[in-house]
Structures are given as C-alpha cells and as structure tokens.
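Atoms considered below: every heavy atom in the structure, side chains included; atoms not considered: hydrogens, waters and symmetry mates. By convention here, the first residue in the shown sequence is residue 1. Order of listing sets the numbers, starting from 1, for every ligand and every atom in it.
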Amino acid sequence: MEISTTPSNTPTSDERLAEILANPGFGTYFTDHMFTVEWTPDAGWHNARITPYGPLTLDPATAVLHYAQETFEGMKAYRHGDGSIWSFRPEENGARMVRSSQRLAFPELPVDDFVQAVDALVTADQRWVPDASAGEKSLYIRPFMIATEAFLGVRPSQHVTFMVIASPAGAYFKGGVKPVTLWLSEEYTRAGRGGMGAAKTGGNYASSLVAQQEAIGQGCDQVVFLDASHGKYVEELGGMNLYFVYADGHIVTPETGTILEGITRASVIELAGKMGHQVEERKFSIDEWRDGVASGEITEIFACGTAAVVTPVGELKWAGGSVPSVPAGDVATRIRAGLVDIQFGRADDTFGWMHRIV
Ligand SMILES: Cc1ncc(COP(=O)(O)O)c(C=O)c1O
C-alpha cells in the first residue's frame, strides 16, 4: 500500500505532550495524526494517507450513522527499555478485523495493509508512545471501518473508510492490580446464535451499555453476560474474557461462537498451556461457577483483555444473590506477569508475538 503523508503544522508541543503523558487516562487525548484509506467497488482500497488528526465531515445520510455498519479493533504499542516501539500480535487484530468485516458485509482489508497502516501511524506519532519507565503506560491504537456512502437504502455501503487513530493510555490499575466486581445481567444478553457476538462492532457495545449502567448502579465494575438461548452459560464481560482455575490446575474458559475471540484470551491459553495447565474451551454454566466456588474446587477466577491484560475477579452479584470472591491466587499473577513482561520487552518473546514498529 502506498501511503502519502501530510505532517501536522501544529504538532503538540513537547511541554504539553509531557503533561499529557504524565497522566494520560484513557481515550481522552489523541495523537497529532490519523491514517485513512477508502474503498469503492471500482477502485478497491485507495488513497491511503497520514494526515493531521481532525474532525470528519460527513453527509447526514452517511450509512454508518443509520445502520451501524462499523467494525473496530483495540490494540497497543509498547516502548521497550532501549527506546524501540513494538505491537503485540497485530496480525491477529488484522485477522479479527477481516472476520468482523465479513460478518458486517464489508470489503476485507488485507492483514498486511492493516499492520502497515498501524505501523505508519505509530511511526508518525512515535513521540506519543509513553516511556518504558512509566509503569504500564502504552499507546492505545483504535483501527476502525465505517460505511461512508451517503445513502439510506439498507444494503452494504458502496463507500467504506478505514481509519486508525491513537491515544496514550495510563496503567489500567493505579496502585496495584485489584479484583473487578461483577454484576450478572439476567435481563439483557449480548449476542445470540447467528448474531454478531464474535464480531468487534459498535452495535454489540451499544447494546451492552444499559447492562453496564445497571452494573455500575449496583456498585459493580463490569457486567457478566449469559448465553441468550438458555440464560445459563457464562459468556463474557462487557469488555473482557473469563477463566476459571480448578484445584487440580486445569483451567476452563467459555468457548467461542457468540463471544469475542480475545487476542489476550488466545495468548493466555497458550501461556497457561506452556506453564503446565490444561485449558478447556467449553460451555461453562453459572451453576458450575456458584458450586465450584462453594466447594472450593474453583481456586481462582480471572478476566483478560487488552486494557487490563489479566485481572482477578471479585464478587459476582445479581438481584437476590451473590457468589463470593475466591482469594486471588498466583496463576493469574504469573500469567499476567508473563504477558506484560513479553509486551514490555522484559522477557524473551519465545512465542514470536511481538512486532517491531520503530
Ligand atoms: C466484549 C469483549 N470481550 C473480550 C475482549 C478482549 O479482547 P482482547 O483480548 O482482544 O482485547 C474485548 C476487548 O477488549 C471485548 O470488547
């Protein structure tokens, strides 16, 4: 892919950037540039460019605004101790975006072009990648694809735009890893059979907001969704996948199909396997959760995703009941350290997961 570059005339000053990177929060500040490439049936993907970050001008009839034909990704760039900048399994994000695109009737952006686009933006805005000494700070990268044809007919858009933006992110846990408390949504589900649960698309998150709001209202951090058919099997959290560790060392994680195939999830399965744990991907019922904790058979529960990497799970609550937390054990701690050390270049990348950008 040929990428043209128009540098910003008003890049963020070094002083202002230092202020932002000292306390970036999440998703609030954006780098000086953005990547864009467009697609039409005749021209295919064309006009790839890096331009100054700025607002889009959209016709009010633009399809994405009406029918939510949209997919996105979430990934990070990490600065290592020697100053180099790396991403974690970017081709997996690219491949997942292809699968999401297929489900949303979008054209496919080749994985190589996806990785090149991310690399080009991170290279252009490399001074925005926080220092290695800054705890677990990173540059969060948000690739997304939107239906940009101005047309109100319900059919796949004949003009598509893929963009990449980036935003520095603070450590997810300030002052140490702390368990997330969970609210079980009995009223709302996230995805049904044949639905879009495995796709990373805005509609799934729009439908999760009311359940997440309920969780917050109940004093919990995150919502747990059950399967839509039986209301019985544990699927995933609003933005993380789940793991249950048993006393004999084996680990169970809900099987895919209606859940998002987390890249952290897949990496945890590989890492846990290497650490000697047998990992089962299968249906896992809420009764197994409750009974396993009560009997002491389940010795650890944790969740994972790009944002928090791995986090222990605390109490699970629902209207009229709860399952107490299991004391945080060392399986989650060891897996977390294993992943974070690879991402920040403090451990050998024996899996070949890291991709050098700068
Ligand atoms: C619904 C949902 N499940 C799971 C995950 C974890 O996926 P990943 O490990 O690729 O970040 C995410 C993304 O953060 C998510 O939004």
Side-chain angles (χ1 to χ4, degrees), residues 26-27 68 70-78 87-100 103-104 111 114-115 118 136 138-144 166-167 169 172-173 180 182-185 188-192 195-212 215 221-228 233-243 253-272 279 281 284 301-311 313 332 335-336 338-340 342-343 351 353-355:
F26 178 79
E70 189 262 4
T71 59
F72 69 98
E73 271 304 320
M75 53 199 290
K76 287 175 170 174
Y78 310 86
S87 56
F88 179 73
R89 311 189 77 180
E91 66 293 340
E92 293 298 324
N93 293 91
R96 187 168 65 184
M97 179 154 247
V98 167
R99 295 195 296 275
S100 300
R103 181 64 184 82
L104 272 288
V111 171
F114 175 98
V115 174
V118 169
E136 284 180 17
S138 58
L139 183 67
Y140 184 79
I141 303 162
R142 169 55 57 87
F144 62 101
S167 171
Y172 189 86
F173 295 106
V180 281
L182 302 181
W183 175 254
L184 184 69
S185 178
Y188 305 108
T189 58
R190 185 179 169 279
M196 306 195 297
K200 205 159 169 70
T201 179
N204 286 338
Y205 295 80
S207 81
S208 77
L209 295 177
V210 66
Q212 179 64 27
D221 299 313
Q222 283 255 343
V223 59
V224 180
F225 288 107
L226 296 177
D227 76 287
Y233 299 105
V234 176
E235 300 243 291
E236 62 183 322
L237 310 186
M240 286 189 239
N241 297 118
L242 277 168
Y243 291 84
T253 191
E255 65 188 5
T256 57
T258 48
I259 67 169
L260 190 77
E261 295 172 342
I263 289 151
T264 321
R265 176 186 180 280
S267 311
V268 165
I269 291 173
E270 281 193 57
L271 202 56
V279 184
E281 296 180 66
F284 184 83
I301 307 173
F302 63 91
C304 75
T306 295
V309 192
V310 168
T311 168
V313 161
I335 290 177
R336 185 172 207 287
L339 271 179
V340 171
I342 290 173
Q343 290 169 337
F351 296 94
W353 283 338
M354 300 306 288
H355 166 81

Return yes if some donor-acceptor pair links the side-chain N/O of [X] with the main-chain N/O of [Y] below 3.5 Å, else return no.
X    : Y    : result
S185 : V223 : no
Y243 : R265 : yes
R190 : G197 : yes

*Assess whether side-chain hydrogen bond (donor to acceptor under 3.5 Å, both in side chains) is satisfied between S267 and R89, documenting all intermediate values.*
CA-CA 9 Å; S267 311; R89 311 189 77 180; 2.9 Å; yes

*Between R96 and E261, is there a side-chain N and carboxylate O pair less than 4.0 Å apart?*
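No.
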
*What residues, two or more places apart in sequence or in another chain, satisfy ring-ring contact (aromatic ring centres under 6.0 Å, His included) together with Y172?*
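Result, ring-ring contact (aromatic ring centres under 6.0 Å, His included) vs Y172: none returned.
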
*What residues come within 4.0 Å of ligand 1, counting heavy atoms only?*
R96, R190, K200, Y205, E236, L237, G238, G239, M240, N241, L260, G262, I263, T264, G305, T306

